[in-house]
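Whatever order the structure lists them in is the order used to number ligands and atoms, beginning at 1. Start at 1 with the first residue, then count along the sequence. What you see is a predicted model; the values in this text were computed from it and never measured.
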Amino acid sequence: MSEDRLLTALREHPGAFLSGEQLSRASGISRAAIWKQIEKLREEGYEIAAQPHLGYQFVAPPDRLIPEELSWGLKTAVVGRRISSYARTDSTMEIAHRLAAAGEPEGHAVFAEAQTRGRGRLGRTWRSPAGQGVYLSVLLRPKLAPADAPLLTVLAAVALVEAIREGAGLEARIKWPNDVLIGERKVSGILTELQSELGQVHAAVLGIGLNVNTPRSALPKFATSLALARGERCDRLAVARALLAALDRWYVELTRRGAGRLLTAWQAASMTLGRRVRVACQDRSVDGEAAGVGPAGALLVRTDTGRMETVTAGEVLILR
Ligand code: BT5
């Protein structure tokens with residue numbers, strides 16, 4: 001569409017003023033109608049400067065996670081091949097599951113500005129205030145056995161650490177199994193859900209909640225956001241794009257070459273390994289030293305008797 005071409009022409013020359021005539025040539029919109037289209041873009045939240053005799057200049061996109069902006073400059077093989085964005089929904093997990101059931105190919109990324117029923121594990125709630133965070137579910141169809149699916153949580157955690165570094169300049173650490181922390185506070189949580197049958201994964205929905213500009217008042221007690229940790233607002237689009245790119249890099253690595261490098265990266269970013277932990281599992285509790293991570297993303301705990309226990313799911317309390 002010619003409106004899209006107008007936006008592309010402006011975006012391709014950041015910092016430069018383009019005359020009405022240049023924009024008209026690039027977009028196919030008549031010179032007389034350019035101003036009206038610019039006003040329309042401004043109404044959508046685009047910041048565009050105008051100077052008499054000079055023309056128009058692209059200043060900033062809207063602070064919204066919309067497909068046109070998320071895919072700008074994004075070169076991914078799988079993750080984000082398709083992007084959907086919702087202003088408000090119950091949970092992006094629900095939308096991605098419905099897409100999966102309808103046969104949608106893998107890679108579709110579903111974003112929402114706000115969730116009314118954002119969820120964590122075991123029926124817990126994920127607080128999802130509007131316009132502050134990244135709430136994302138990615139539909140994947142990995143050739144993994146259900147028992148290896150925790151590797152997707154490992155993948156998301158490593159991708160989050162990289163995206164937080166790249167998009168916000170902050171160092172985050174991974175707390176097994178599905179939390180990403182800055183300092184001692186949770187900044188992001190991961191939820192992996194499967195559609196599987198007879199030992200085969202048909203679809204996996206990888207859910208990620210990341211607090212970007214979320215104020216303290218909207219968060220639970222032991223949580224933080226990138227903006228709180230950095231002391232200034234962060235570019236949500238930049239963080240979200242970096243996240244899609246990192247998820248894609250690691251997904252391609254995992255599916256083509258296996259989990260080796262992924263597990264090494266996880267270990268380097270882990271805050272759990274080497275610590276004394278208490279892991280509460282469904283029916284028991286294991287005390288010991290977090291000694292390593294198994295090939296499918298399980299936690300290896302060396303108990304006081306020297307025995308190695310493998311824990312596939314649970315809550316970790318770091319004792320010291
Ligand atoms: C998680 O569960 O950490 C997984 C969260 C996944 C959320 C994403 S958002 C996009 C997608 N759509 C969804 O509906 N969900 C996914 P869990 O480990 O069970 O942790 C949940 C706990 O984290 C809660 O009980 C709170 O204590 C805490 N919590 C809730 N909201 C939080 C927030 N915004 N930031 C930090 N901690 C939070």
Side-chain angles (χ1 to χ4, degrees), residues 65 70 79-80 83-100 108-140 149-150 152-157 159-160 163-164 172-194 203-229 234 236 239-240 243-244 247 271-272 279-282 297 299 311-318:
L65 303 178
L70 287 162
V79 177
I83 299 175
S84 309
S85 298
Y86 293 78
R88 172 181 295 269
T89 184
D90 49 357
S91 161
T92 54
M93 301 304 282
E94 295 298 327
I95 296 172
H97 275 298
R98 282 202 291 273
L99 287 170
H108 197 136
V110 181
F111 287 84
E113 290 293 335
Q115 296 183 116
T116 50
R117 299 188 60 187
R119 63 178 184 243
R121 294 175 303 154
L122 309 167
R124 297 191 197 112
T125 300
W126 184 259
R127 290 201 204 171
S128 316
Q132 319 271 11
V134 173
Y135 317 120
L136 161 69
S137 292
V138 184
L139 162 60
L140 297 170
L152 296 175
T153 304
V154 168
L155 182 157
L160 274 158
I164 289 169
R173 312 278 284 168
I174 304 165
K175 181 169 175 239
W176 188 90
N178 68 319
D179 292 349
V180 175
L181 278 69
I182 294 180
E184 299 287 307
R185 288 169 183 266
K186 180 160 169 174
V187 73
S188 176
I190 302 157
L191 179 66
T192 304
E193 293 180 343
L194 301 182
V205 175
L206 186 53
I208 294 174
L210 171 63
N211 305 319
V212 181
N213 289 321
T214 327
R216 195 171 300 290
S217 58
L219 290 172
K221 218 171 173 186
F222 298 107
T224 191
S225 65
L226 299 180
L228 285 168
C234 295
R236 266 192 325 144
V239 173
L243 181 58
L244 290 173
L247 287 169
M271 67 170 306
T272 315
V279 193
C281 314
Q282 249 174 355
L299 188 68
V311 191
T312 51
E315 304 295 328
V316 171
L317 182 66
I318 294 182

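For L219, every heavy-atom contact with ligand 1 shorter than 4.0 Å involves the side chain, none the backbone. Residue V187 does not touch ligand 1, judged by heavy-atom distances below 4.0 Å. With a 4.0 Å cut-off on non-hydrogen atoms, N211 touches ligand 1 through its side chain and not its backbone. Residue contacts with ligand 1, taken as heavy atom pairs separated by less than 4.0 Å, involve R119 via backbone and side-chain atoms alike.
For the residues A156, G118, G189, G209, the heavy atom positioned nearest atom 8 (C) of ligand 1 is part of G209.
At the top of the distance list for atom 30 (C) of ligand 1, counting protein heavy atoms only, stands T125 O, 3.2 Å. Ranking the protein heavy atoms by distance from atom 1 (C) of ligand 1 puts N178 ND2, 3.5 Å first. Ranking the protein heavy atoms by distance from atom 29 (N) of ligand 1 puts P220 CG, 3.6 Å first.
Distance remark: protein heavy atom not present below 4.0 angstrom from atom 27 (O) of ligand 1.
Against a heavy-atom cut-off of under 4.0 Å, S137 is close to the following atoms of ligand 1: 11 (C). Numbered from 1 in the order shown, with element, the atoms of ligand 1 that lie under 4.0 Å from a heavy atom of T92 read 10 (C), 11 (C), 12 (N).
Between L191 and W126, the closest side-chain pair of non-hydrogen atoms is not below 4.5 Å. Annotation: side chain of I95 is not in contact with side chain of S84 (no heavy-atom distance under 4.5 Å). Side-chain atoms of E113 and R236, non-hydrogen and from C-beta on, do get closer than 4.5 Å to each other. Taking the side chain as every heavy atom from C-beta outward, L228 and L219 approach each other to under 4.5 Å. With contacts defined as side-chain heavy-atom distances shorter than 4.5 Å, the pair V134/I208 does not qualify.
A donor and an acceptor atom, one from each side chain of S137 and T92, are located under 3.5 Å apart.
No donor-acceptor pair under 3.5 Å is formed between the side chain of Y135 and the backbone N or O of V110.
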Exercise. Please test L226 against V187 for side chain to side chain contact (heavy atoms under 4.5 Å, CB included), starting from the C-alpha separation and ending with a verdict.
Key: CA-CA 7 Å; L226 299 180; V187 73; 4.0 Å; yes
